[in-house]
Protein chains: 2
Amino acid sequence: MSHLKLIILGASSAIPLSHRYPSAQFLSLANRHFLIDCGEGTQIRLRQENIGFGRIDHILVSHLHGDHFFGLIPLLSTLHLLDRRKPIKIYGPKALKELINSHLSLSNARIGFPIEFIPLDFERKQLIFEDSGVKVHSFPLNHSVPCCGFLFEEKSSPRKMKKGKIAEYGIPFSEIPSIKNGAAWADQFGKLIDNHELTDPPPPPLSYAYCTDTKPVNHLDRYFKGVDLLYHEATFTEEHRERASQTQHSTAAQAAGMAKLTESKHLLLGHFSTRYPKLSDLKEEAAAIFKNCDLVKEGMRIEVFSGDRLPKISLAEVR
Amino acid sequence: MSHLKLIILGASSAIPLSHRYPSAQFLSLANRHFLIDCGEGTQIRLRQENIGFGRIDHILVSHLHGDHFFGLIPLLSTLHLLDRRKPIKIYGPKALKELINSHLSLSNARIGFPIEFIPLDFERKQLIFEDSGVKVHSFPLNHSVPCCGFLFEEKSSPRKMKKGKIAEYGIPFSEIPSIKNGAAWADQFGKLIDNHELTDPPPPPLSYAYCTDTKPVNHLDRYFKGVDLLYHEATFTEEHRERASQTQHSTAAQAAGMAKLTESKHLLLGHFSTRYPKLSDLKEEAAAIFKNCDLVKEGMRIEVFSGDRLPKISLAEVR
């Protein structure tokens, strides 16, 4: 079944607090798994959320600010100690590869499994991963250092046979794949049966866009449109709009504007500055512009089943 | 008052678990503060234990295995974001300095306060810090990479005037410092009053030794003797003595042997392998050889007041 599940590992901005961890999310889409950003303590948060390390095959790092990657080398080190053999794909700024290598060489350490490094393009939208079920693009954001957002899309699945039709028309199994792909069927009397009589449309493919850190990108809708879930940073409220602009971050209102522009179905806000003890102000500010929005929090699980009007959101207390 | 307080930030060995953090301790001795080792998540653990970042002036890193220093650069980065200006002293292997510099340069980051780096000597005992109240030595341990232990010692304080003696003998205040330092006093008739009639001895100075990671060091008593508190790694039980030897770690029994050899007053065991779900086995093994011992745990506070027979140990649940 078409299914998207996002687990929030960290939702804080640059400075972590006692229970607010820096950026990290674990995304499952069509049974593929992606670790998105990897702030300090990500391996501990993965354990707290019972996410098996064996499921980590792709790690995406948006940019080289520490709160987005300080947990990467510790995680790789633990995977090595746990005797991982299978390769891992790391997507990030080119300097991240040098950083890992320099770190290993200066600390006289090694990683015993292959790392395939995919450098990000900060000039244009780029296909960074594709297989039979999903594709992933990076696209440039607008921050104080080169930074990319990520777009995860399920591929369309085949149409579904309607109940009873195989028996009704005596369709041989060998013909089913082409019918699922839209072909018509000629019955034993040569009568052409329209594909719509035989199949139902597949569930619409799910999609997720991740945008942090960035000030509002005016042409964001050129990179994606109509995603089921948009995560957009909301470091500040409008009260600190100038500070947001100086530091190339967004306010909650600006994040909501981006959700509107891209016609996203649901907006998740995160990467909150530690200056706001009452995060509900950020939600109110965004909701006035874009109603379907939520604040993320460590331990939150956001699930979308294809065809659902709204995501299911549950919160497991951080243990 | 003479006082030693140790807060356990992390007690795990190489692999952290959901509530077992890698090595880090916060020591207060005679009002001086030392952060000893700095595994991943140390800044989060400092916040959880309500330890103000302003108190961190000395960070000691025993060796370059990640579970002892992965939290250092993230912590320095946060101190920078919090606008720290005052210098910090970092004691560690020479390569740690290169590692910090290479990291900053590759991630295009900077630290806005001075770092004084004190390289450790892995050949001999070395005085690495001294002021009017305490002195700190490093000494070589025996691990798979160069590694140092640390010895923290209060300096003797002056003797204390006995109650009523100043009035009884009409001693002018100007003479008190020399009497506190052991001088006798000639009264108005020229009669010499012995110092022991006038003063009481000061509380014995407190001391703490930190030994991790290491296999047993046969001549450890050459580096220190009779400390109030010895922290010694006990990664394994005797059942895995061979594994301990291969990886140059210690068993709980060997740690107890080191406490005996150095005539330490109390032994703290830590750096446990994640293979032991029941840590009480490690304690039993050590206690059979050296009675005064405890297992450390995240959130544990160990306090010694000079003259106490036993340390006071309390455990604040990790929040």
Side-chain angles (χ1 to χ4, degrees), chain A residues 10 12-22 39-51 53 63-82 93-109 144-146 273-274 318-319, chain B residues 10 12-22 39-51 53 63-82 93-109 144-146 273-274 318-319:
Chain A
S12 191
S13 60
I15 300 177
L17 298 181
S18 60
H19 282 91
R20 281 169 62 185
Y21 285 76
E40 184 183 13
T42 293
Q43 64 170 318
I44 294 168
R45 291 289 299 118
L46 285 164
R47 289 207 185 256
Q48 290 172 346
E49 301 295 343
N50 277 318
I51 299 170
F53 289 178
H63 66 296
L64 278 196
H65 280 158
D67 55 322
H68 296 257
F69 79 95
F70 277 154
L72 177 62
I73 294 173
L75 174 60
L76 296 176
S77 156
T78 291
L79 294 178
H80 169 73
L81 291 171
L82 294 174
K94 211 174 57 206
L96 181 59
K97 188 182 176 185
E98 295 170 58
L99 219 141
I100 296 170
N101 289 339
S102 118
H103 187 101
L104 292 175
S105 116
L106 284 168
S107 63
N108 210 8
S144 53
V145 299
S273 160
T274 53
V318 175
R319 291 168 311 146
Chain B
S12 191
S13 61
I15 300 178
L17 298 181
S18 61
H19 282 90
R20 281 170 62 185
Y21 285 77
E40 185 184 13
T42 293
Q43 63 170 319
I44 294 168
R45 291 288 301 120
L46 285 164
R47 288 208 186 254
Q48 290 173 346
E49 299 296 343
N50 276 321
I51 298 169
F53 289 178
H63 67 298
L64 278 197
H65 280 157
D67 55 321
H68 296 258
F69 80 95
F70 277 153
L72 178 62
I73 294 174
L75 175 60
L76 296 176
S77 158
T78 291
L79 294 178
H80 168 72
L81 290 172
L82 294 174
K94 211 174 57 204
L96 181 60
K97 188 183 177 184
E98 293 169 59
L99 219 142
I100 297 170
N101 290 339
S102 120
H103 187 101
L104 292 176
S105 115
L106 284 168
S107 63
N108 208 11
S144 53
V145 299
S273 160
T274 54
V318 175
R319 290 169 310 143

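Chain A is the first sequence line, chain B the second, and so forth, proteins listed ahead of strands; every chain is numbered from 1. Values reported hereafter were calculated over all heavy atoms of this structure, with side chains retained and with hydrogens, waters and symmetry mates removed. None of these values were measured; they are calculated from a predicted model.
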- Task: Enter the distance from B:Ser107:OG to A:Leu96:CG here, rounded to the nearest 0.5 Å.
- Result: 10.0 Å
- Message: Which one wins on heavy-atom pair count under 4.5 Å against chain B: A:Ser105, A:Gly41, A:Pro74, A:Ala14?
- Response: A:Pro74
- Give the member of B:His63, B:His103, B:Glu98, B:Arg20 that has the highest number of heavy-atom pairs under 4.5 Å with chain A. B:His103
- Calculate, to the nearest 0.5 Å, the distance between atoms CD1 and CZ belonging to B:Ile73 and A:Phe70 respectively. 6.5 Å
- Task: For the residue pair B:Arg47 and A:Pro16, establish whether any side-chain heavy-atom pair is separated by less than 4.5 Å.
- Result: no
- Beyond-backbone contact of A:Leu82 with B:Ile15, side-chain heavy atoms, under 4.5 angstrom: yes
- Task: Considering only heavy atoms and a distance below 4.5 Å, find which of A:Leu106, A:Thr78, A:Val145 pairs most often with chain B.
- Result: A:Leu106
- Can you tell me how far the CZ atom of A:Arg45 sits from the CD1 atom of B:Ile44, to the nearest 0.5 Å? 9.5 Å
- Side chain / backbone / both / neither for A:Thr274 at chain B, heavy atoms under 4.5 Å: neither
- Message: Using a 6.0 Å cut-off, check whether atom CG of A:Asn108 has over 12 heavy atoms from anything other than its own residue.
- Response: no
- Query: Given that the side chain runs from C-beta out, which part of B:Ser12 has a heavy atom under 4.5 Å from chain A: side chain, backbone, both or neither?
  - Reply: neither
- Item | Gap between atom NE2 of A:His65 and atom CG of B:Leu81 - 0.5 Å precision | 9.0 Å
